[in-house]
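Everything below concerns the one structure shown next.
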Amino acid sequence: FMPAKQKVKLFRLVLVIAIVFVIIMFSFNTVVALLLSTYVANAAKQPNIVFVLTDDQDVEIDGQVPIKKIRNLVGQAGITFQNMFVSSPLCCPSRSSIITGKYVHNH
């Protein structure tokens, strides 16, 4: 058995440790909540971009006929480009240039 003075000291020590633990946990939860809220706020500010790249859409063989409905839906809710250029008229090198940002002769 412990004397009464030692019990009081032990109780105070346990109480101080518990208070410090609660403060640390509250601070940790607050920091985590702040970091998450900052991440969510930044994620909401980033643009939502869907880049659709198709192939064989030339006018000669009516390549755009199958995608008229899709083009109308995308154009109503977003942006369509009427005048665009590529670094190569071939599909694979052109796609590689779009993905890498390099000219055809560099990839």
Side-chain angles (χ1 to χ4, degrees):
F1 294 101
M2 280 198 244
K5 285 185 178 183
Q6 285 183 343
K7 285 183 182 180
V8 170
K9 286 183 182 181
L10 183 62
F11 177 76
R12 287 181 181 167
L13 178 65
V14 170
L15 184 63
V16 168
I17 291 172
I19 290 171
V20 168
F21 179 75
V22 168
I23 290 171
I24 290 172
M25 291 306 296
F26 178 76
S27 299
F28 177 75
N29 288 339
T30 304
V31 169
V32 169
L34 286 173
L35 288 174
L36 284 175
S37 65
T38 303
Y39 173 76
V40 170
N42 287 338
K45 293 177 185 176
Q46 294 177 351
N48 187 9
I49 297 173
V50 177
F51 181 73
V52 179
L53 180 63
T54 60
D55 195 7
D56 295 329
Q57 302 298 316
D58 62 67
V59 179
E60 298 285 324
I61 60 171
D62 288 333
Q64 293 187 7
V65 171
I67 64 163
K68 281 187 180 180
K69 184 175 182 181
I70 295 170
R71 194 174 66 189
N72 290 337
L73 291 171
V74 170
Q76 290 172 0
I79 297 173
T80 57
F81 298 98
Q82 302 299 323
N83 191 16
M84 55 268 177
F85 301 92
V86 293
S87 62
S88 172
L90 302 173
C91 65
C92 290
S94 181
R95 287 180 188 178
S96 298
S97 293
I98 291 170
I99 292 169
T100 63
K102 296 179 180 179
Y103 286 109
V104 176
H105 61 274
N106 290 332
H107 52 73

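- A side chain to side chain contact (heavy atoms under 4.5 Å, CB included) with Val8 is found for exactly one of Arg12, Lys5, Gln6, namely Arg12.
- For the side chain to side chain contact (heavy atoms under 4.5 Å, CB included) with Ile17, the qualifying choice from Val20, Leu13, Val14 is Leu13, the only one to do so.
- Between the CD1 atom in Ile99 and the OG atom in Ser94 there is a gap of 10.0 Å [rounded to 0.5 Å].
- Applying the side-chain contact (heavy atoms from CB on, under 4.5 Å) test to Lys9 and every residue at least two apart in sequence or in another chain returns nothing.
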